[in-house]
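Heads up, the thing below is written out as C-alpha cells.
Just so you know, residue 1 is the first one in the sequence shown, and it goes up from there. Since the model is a prediction, treat every value here as computed from it, not as a measurement. Side chains included, hydrogens not; waters and symmetry mates left out as well; all remaining heavy atoms used.
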Amino acid sequence: MRIYGTPLYGTPQGAEVAAAAVDAQGVVTAWSRGARLLLGYARGGEVVGRPASKLLAVGLPDSARRSLARREAWLGRVALRNQAGRPVEADVRACPLTDAEKQVQ
C-alpha cells in the first residue's frame, strides 16, 4: 500500500510530498524525504521496518479501515504522531499496490 500525505487540492510548486509504503502486514517498507520532513524523523531507518501503526496518533477512521479491507483507495484526514510524540494532522491518500496480475502487494 502506498500512502501519501499531501494537500488534498493543489500542491505548491516545489513542495515536498510525504510518501510511505506499507506492506500487507502493516510494516513501513519505504519512507520519503517529505515524510521525514513532515514527521521529523532524521532517517528512514527510524521508521522503515517498523509498524505503521506507531505513526498514528489515534486509530484509523472506520471509513479507511473499510476501504482498505476492500482493497480500495481511501482519501481522508489522519492524525499522525511526529518524532517528538505530538499529533500532526495530514490529508492522506492510501492506495493498494498491485502487481501485473492485480494482486495486492
Contact check, side chains of R81 and L55, non-hydrogen atoms, under 4.5 Å: no

Minimum side-chain heavy-atom gap L56-L80 below 4.5 Å: yes

R33 CZ: over 12 foreign heavy atoms closer than 6.0 Å: no

Backbone of G26 reached by a side-chain donor or acceptor of S53 within 3.5 Å: no

For [X] versus [Y], what's the shortest heavy-atom pair and its separation?
{"X": "C95", "Y": "R93", "answer": "SG-CG, 3.8 Å"}
{"X": "V48", "Y": "T29", "answer": "CG1-O, 3.9 Å"}
{"X": "A94", "Y": "L68", "answer": "CB-CD2, 4.0 Å"}
{"X": "P87", "Y": "A57", "answer": "CB-CB, 4.0 Å"}

Counterpart residues, side chain to side chain donor-acceptor pair (under 3.5 Å), relative to R65 (two or more places apart): none

Separation between CD of Q83 and CG of L38, rounded to the nearest 0.5 Å: 12.5 Å

Between CH2 on residue W31 and CG on residue L39, distance to nearest 0.5 Å: 4.5 Å

